[in-house]
Amino acid sequence: MPRLREIPRSEVTDDYVLGLYNMLFGDRDPVAEPGTATGTPGNWWTVFAQVPDAFKHTSEGFGFYRSPNRKLDPKLRELGQIRAGYAVGSQFVYSQHSKAMRFEGFSEEQVAAIPNWSVADCFSDVERAVLAYTDCLVLERGRVPDGVFAALKKHLSEVEILELTYITCTYMMHAVMSRALKLEFDDVLERVVEVPAPDGATADVMGMVDKRNGANQ
């Protein structure tokens, strides 16, 4: 379950929130009867509904990147979004934008290659520049080598680069928040936990290779 409370339809008083509830969930209460047409639980929306102006701000952001006013090629936009989701480790963002990549015309090979794009040969030069730039934004927190930026500027205008930067960083935020609040497909158990040692094992776990204890002598 999400770490924050979901807002049932009966408690929604904001017209904007209610309009999106109707669009996404029909006349259902999405807390009592979760699920969206894309197969997600839908709790990203029901948690954000706690703060209606944040709900509106974020959902209008989706309209921003899909606007016909954008100069950036939607295919390049999707590369930034999905790689940001993968790099952050958000199963939700990665899963949703795998589907969005296909919708924009990428092949199954290209979708599958997102985790290992740097050694894949199925991306064009501009696509590789976008993926490299995305890794600098997300994994390097904006530390972009001149060589990467030069490769990007070889293919994209300044307006396109600004749009790519804004949209990719926005999706890094979405991925981080989704993991932190355990929303949608990011409601998963922590994988990095202690694995118990066998009964009677020594507490000195590295003693088996420590010559001070007589090993390897």
Side-chain angles (χ1 to χ4, degrees), residues 1-8 11 25 28-51 54 58 78-102 106 108-123 131-132 134-143 168-217:
M1 293 182 62
R3 283 174 159 161
L4 297 180
R5 180 174 175 268
E6 298 179 70
I7 303 302
E11 294 183 24
F25 308 111
R28 285 183 290 120
D29 175 3
V31 177
E33 299 178 69
T36 69
T38 64
T40 66
N43 55 42
W44 189 95
W45 306 92
T46 55
V47 167
F48 262 86
Q50 288 202 48
V51 186
T58 54
E78 284 299 331
L79 284 179
Q81 289 171 306
I82 188 173
R83 181 61 191 181
Y86 182 84
V88 169
S90 169
Q91 185 163 276
F92 176 48
V93 173
Y94 174 71
S95 177
Q96 291 298 87
H97 287 274
S98 293
K99 300 168 181 63
M101 275 189 70
R102 295 186 187 96
F106 284 101
E108 289 297 326
E109 181 186 13
Q110 290 171 314
V111 175
I114 287 298
N116 56 281
W117 74 265
S118 62
V119 294
D121 58 7
C122 55
F123 295 110
L131 288 163
T134 297
D135 280 2
C136 292
L137 292 175
V138 180
L139 298 176
E140 296 291 335
R141 305 297 188 269
R143 186 183 185 194
T168 301
C169 289
T170 298
Y171 266 77
M172 177 175 69
M173 178 196 72
H174 285 317
V176 168
M177 291 186 69
S178 182
R179 291 192 67 190
L181 302 179
K182 291 188 177 294
L183 302 177
E184 306 290 356
F185 300 141
D186 288 318
D187 183 11
V188 293
L189 295 176
E190 173 58 59
R191 185 181 183 279
V192 183
V193 296
E194 181 183 3
V195 177
D199 290 342
T202 177
D204 182 9
V205 295
M206 295 307 296
M208 68 182 75
V209 295
D210 191 343
K211 290 186 178 181
R212 292 174 300 175
N213 291 334
N216 299 323
Q217 290 184 353

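- Shown here for Tyr94 and Ile114, the closest heavy-atom pair between the two residues is CE1-CG2, 4.2 Å.
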After noting the C-alpha distance and the side-chain angles of His97 and Tyr86, does the key distance pass the ring pair (Phe, Tyr, Trp, His ring centres under 6.0 Å) rule?
CA-CA 10 Å; His97 287 274; Tyr86 182 84; over 10 Å; no

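- Annotation: the span from His174 atom NE2 to Ser90 atom OG amounts to 10.5 Å, rounded to 0.5 Å.
- At a threshold of 4.5 Å between non-hydrogen side-chain atoms, the residues Leu4 and Val47 count as touching.
- Considering only heavy atoms from C-beta on, Pro2 comes within 4.5 Å of Leu183 through its side chain.
- Ring geometry, Trp44 versus Phe48: the interplanar angle falls under 30°, so the pair is classed parallel (tilted spans 30 to 60°).
- Checked by atom type and distance alone, the side chain of Glu190 pairs as donor or acceptor with a backbone atom of Val192 at under 3.5 Å.
- Residue Ala113 comes nearest to Ala120 through the heavy atom pair CB-CB, 3.8 Å, listed as atom of the first residue, atom of the second, then distance.
- Between Glu78 and Lys99, none of the side-chain N atoms (NZ, or NE/NH1/NH2) sits under 4.0 Å from a carboxylate O, so this pair counts as no salt bridge.
- At least one side-chain heavy atom of Ser98 sits under 4.5 Å from a side-chain heavy atom of Ile82.
- Taking the side chain as every heavy atom from C-beta outward, Gln91 and Arg179 never approach each other to under 4.5 Å.
- Under the 4.5 Å side-chain criterion, counting only non-hydrogen atoms from C-beta, Phe185 is in contact with Gln96.
- Side-chain atoms of Thr168 and Gln81, non-hydrogen and from C-beta on, never get closer than 4.5 Å to each other.
- Within 6.0 Å of the CD atom in Gln110, the count of heavy atoms belonging to other residues, nucleotides or ligands exceeds 12.
- Shortest non-hydrogen contact noted between Phe25 and Gly42 is CZ-O, 3.8 Å.
- The two atoms that bring Met1 and Asp187 nearest to each other are N-OD2, 2.5 Å, heavy atoms only.
- Checked options Val138, Val93, Leu139; the residue passing with Arg83 is Leu139 (criterion: side-chain contact (heavy atoms from CB on, under 4.5 Å)).
- The closest side-chain heavy-atom distance from Glu11 to Arg5 is below 4.5 Å.
- Here the closest non-hydrogen pair linking Thr46 and Pro30 is CG2-CG, 3.6 Å.
- In this structure, OH in Tyr171 is found 11.0 Å from OG in Ser178, a value given to the nearest 0.5 Å.
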For side chain to side chain contact (heavy atoms under 4.5 Å, CB included), just list the numbers for Glu109 and Asp121, CA-CA rounded to whole Å, side-chain angles, deciding distance to a tenth of an Å, and then say yes or no.
CA-CA 10 Å; Glu109 181 186 13; Asp121 58 7; 4.3 Å; yes

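- Between Arg3 and Ala180, the closest heavy-atom pair is NH1-O, 2.9 Å.
- One finds the CD atom of Glu184 at 7.0 Å from the OG1 atom of Thr36 (value rounded to the nearest 0.5 Å).
- The environment of Glu194 atom CD is sparse: at most 12 non-hydrogen atoms of other residues, nucleotides or ligands sit within 6.0 angstrom.
- Residues Thr134 and Leu131 form no side-chain contact, since every pair of their non-hydrogen atoms from C-beta on lies 4.5 Å or further apart.
- Of the possible donor and acceptor atoms, none in the side chain of Asp29 sits under 3.5 Å from a partner among the backbone N and O of Pro8.
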